[in-house]
Peer 1: 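Once you've had a glance at the structure underneath, I'll fire off some questions.
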Amino acid sequence: MTEKNLTVRYFAYFRDLAGTSEERVALVAATTGDLFDALRERLSFDEPRQHCKVAVNDVLTDWQHSLADGDTVLLFPPVAGG
Amino acid sequence: MTEKNLTVRYFAYFRDLAGTSEERVALVAATTGDLFDALRERLSFDEPRQHCKVAVNDVLTDWQHSLADGDTVLLFPPVAGG
Amino acid sequence: MSSLAIRDIALDPSRLTQHLVDSHCGGFVSFEGWVRNHNEGKAVVRLEYEVYTPIAVSEGEQIIAEAMDRFEIGRAYCEHREGELALGDLAVWVGVAAAHRGPAFDACQYIIDNVKTRLPIWKKEHYENGDSGWVNCEGCAAHGHAHG
Amino acid sequence: MSSLAIRDIALDPSRLTQHLVDSHCGGFVSFEGWVRNHNEGKAVVRLEYEVYTPIAVSEGEQIIAEAMDRFEIGRAYCEHREGELALGDLAVWVGVAAAHRGPAFDACQYIIDNVKTRLPIWKKEHYENGDSGWVNCEGCAAHGHAHG
């Protein structure tokens, strides 16, 4: 599998951990789930997938979503509206 | 059984039927239920007891309440607040 | 302060909410009953509420005490109108503040359900065709008492 | 008009209710979420909401469309704050108007339950002792991320 160039945007707690709100990453990641696992290891957070959300190109999706070169992935830590 | 002197107060639909908001009645009525039945016949209304309410001397009560001479009985047709 | 009041002037939800502000309570649920323009297919133009206030207040306070007892809530308050109301006017307001929203929803519904069935309040509707009638209680047989 | 909006200024319930006035709907239920002075035993002095607005709005509109579909209601509307809030400020408002109150209560609760769990909104609390922390989601494990 070849690497994909992705833009990852971080919010709230994840932004604090990443130390940035956005970065370019080149990754051999087939799905949003793969990307999540790679970032979870790199940023050392505990949250399991089911407590987080992900959007690709501004549309909410699931952890089986196949990533394409050039995608912008939004990584949402556990939400707490209201 | 001797007659009791009661004050009966009518509200809303019952006042329209009675043509007055209050009257003195002298009645051989042991309970609020007896009074209800007598007035239901005299005023010719259809409502059964369970759709109406009664208070004696400003306290809500049931249809088994024993009446005493001098009591003021409030007769409430079906309520429709809200 | 009483937990229920009968008013002969317009109810103002923002003033009413002030009764319930509590820095311990993050959830607030309110119910507002507005005068509708129709009832059972008839066009309503205005209505009157008749209230027997002494018992409406004592029974209303009892309902709110029951709600405080049954549900984990902080505060609850209710006001009901009497007199003449126009379309869109506020007839009844119930507000409940609680630490958690579930009990606030449950208590608010409990209070309005019981206010509607237990308080000595009667509603006379005036219809577009000139008729008027006392509205039957919720849950009673569906026949009104229309008068010319 | 969108059925959900994110605001960076104070929410005003009386203005919001105007979105929902409908002469066919006699029952109106609203939920207000106020900033509390405590959370999990810690004294809160203020908080910030971070919102990712494009998805908060599209997902919020989806939630309200679901509520309109599931419950017999006439109208529903929601606003959520972003930015800095003080104690007692209104963080979220949900209003539902319906011909009958049962569906209005159910729909209002459905909307707030889903707004809290599905919208990309995060809350950072600032505590009396100078700490601050991102608040965990409802239903997630009860551990916050406190930072000095």
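Proteins come first, then strands; the chains are lettered A, B, ... in the order of their sequence lines, and each starts at number 1. Here the structure is a predicted model, which is why all the values come from computation and not from measurement.
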Peer 1: With a 4.5 angstrom heavy-atom cut-off, which part of D:Leu119 approaches chain A: side chain, backbone, both or neither?
Peer 2: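 Answer is backbone: N, CA, C or O of D:Leu119 sit under 4.5 Å from chain A.
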Peer 1: Quick one: what part of D:Glu59 sits under 4.5 Å from any heavy atom of chain A, side chain, backbone, both or neither?
Peer 2: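 Only the side chain of D:Glu59 comes within 4.5 Å of chain A.
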Peer 1: State whether the number of non-hydrogen atoms from other residues, nucleotides or ligands found under 6.0 Å of A:Glu41 atom CD is greater than 12.
Peer 2: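 No, CD of A:Glu41 has 12 or fewer neighbouring heavy atoms, counting only those of other groups under 6.0 Å.
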Peer 1: For atom CD of A:Glu22, is the number of surrounding heavy atoms from other residues, nucleotides or ligands below 6.0 Å larger than 12?
Peer 2: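 More than 12 heavy atoms, drawn from other residues, nucleotides or ligands, come within 6.0 Å of this atom.
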Peer 1: What part of D:Pro54 lies closer than 4.5 angstrom to a heavy atom of chain A: side chain, backbone, both or neither?
Peer 2: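 The side chain, not the backbone.
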Peer 1: Please list, in residue-number order, every residue in residues 66-77 of chain A that has a heavy atom less than 4.5 Å from any heavy atom of chain D; write 'none' if there are none.
Peer 2: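 If one takes a 4.5 Å heavy-atom cut-off, the residues of residues 66-77 of chain A near chain D are A:Leu74, A:Phe76, A:Pro77.
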Peer 1: Quick check: closest heavy atoms across D:Pro120 and A:Val79, and the distance to 0.1 Å?
Peer 2: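 Heavy-atom minimum between the residues: CA-CG1, 3.9 Å.
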Peer 1: Quick one: CZ on A:Phe14 to CH2 on D:Trp122, what's the gap to the nearest 0.5 Å?
Peer 2: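 Interatomic distance, A:Phe14 CZ to D:Trp122 CH2, rounded to 0.5 Å: 9.5 Å.
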Peer 1: Look at D:Val94, D:Val51, D:Val115, D:Ile121 and state which one has the largest set of heavy-atom pairs under 4.5 Å with chain A.
Peer 2: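 The answer is D:Ile121.
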Peer 1: As an exercise: rank D:Glu50, D:Arg118, D:Glu48, D:Glu32 by heavy-atom pairs under 4.5 Å with chain A and give me the winner.
Peer 2: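 Greatest number of close heavy-atom pairs with chain A: D:Glu50.
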Peer 1: Going through the distances and angles, do D:Gln62 and A:Leu60 end up as a side chain to side chain contact (heavy atoms under 4.5 Å, CB included)?
Peer 2: CA-CA 12 Å; D:Gln62 171 64 27; A:Leu60 281 173; over 6 Å; no
Peer 1: State, to 0.1 Å, how close D:Thr117 and A:Lys53 come at their nearest heavy-atom pair, and which atoms those are.
Peer 2: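 Minimum heavy-atom contact is O-NZ, 2.9 Å.
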Peer 1: Can you tell me if D:Glu72 has over 12 outside heavy atoms packed within less than 6.0 Å of its CD?
Peer 2: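 At most 12 heavy atoms, drawn from other residues, nucleotides or ligands, come within 6.0 Å of this atom.
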Peer 1: Looking only at atom types and distance, does a side-chain atom of D:Tyr49 sit under 3.5 Å from a main-chain N or O of A:Gly82, one as donor and one as acceptor?
Peer 2: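 Yes; judged by distance alone, with no hydrogens or angles, the pair exists.
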Peer 1: Heavy-atom count around D:Arg15 CZ within 6.0 Å, excluding the residue itself: above 12?
Peer 2: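 Atom CZ in D:Arg15 is packed in, count exceeds 12.
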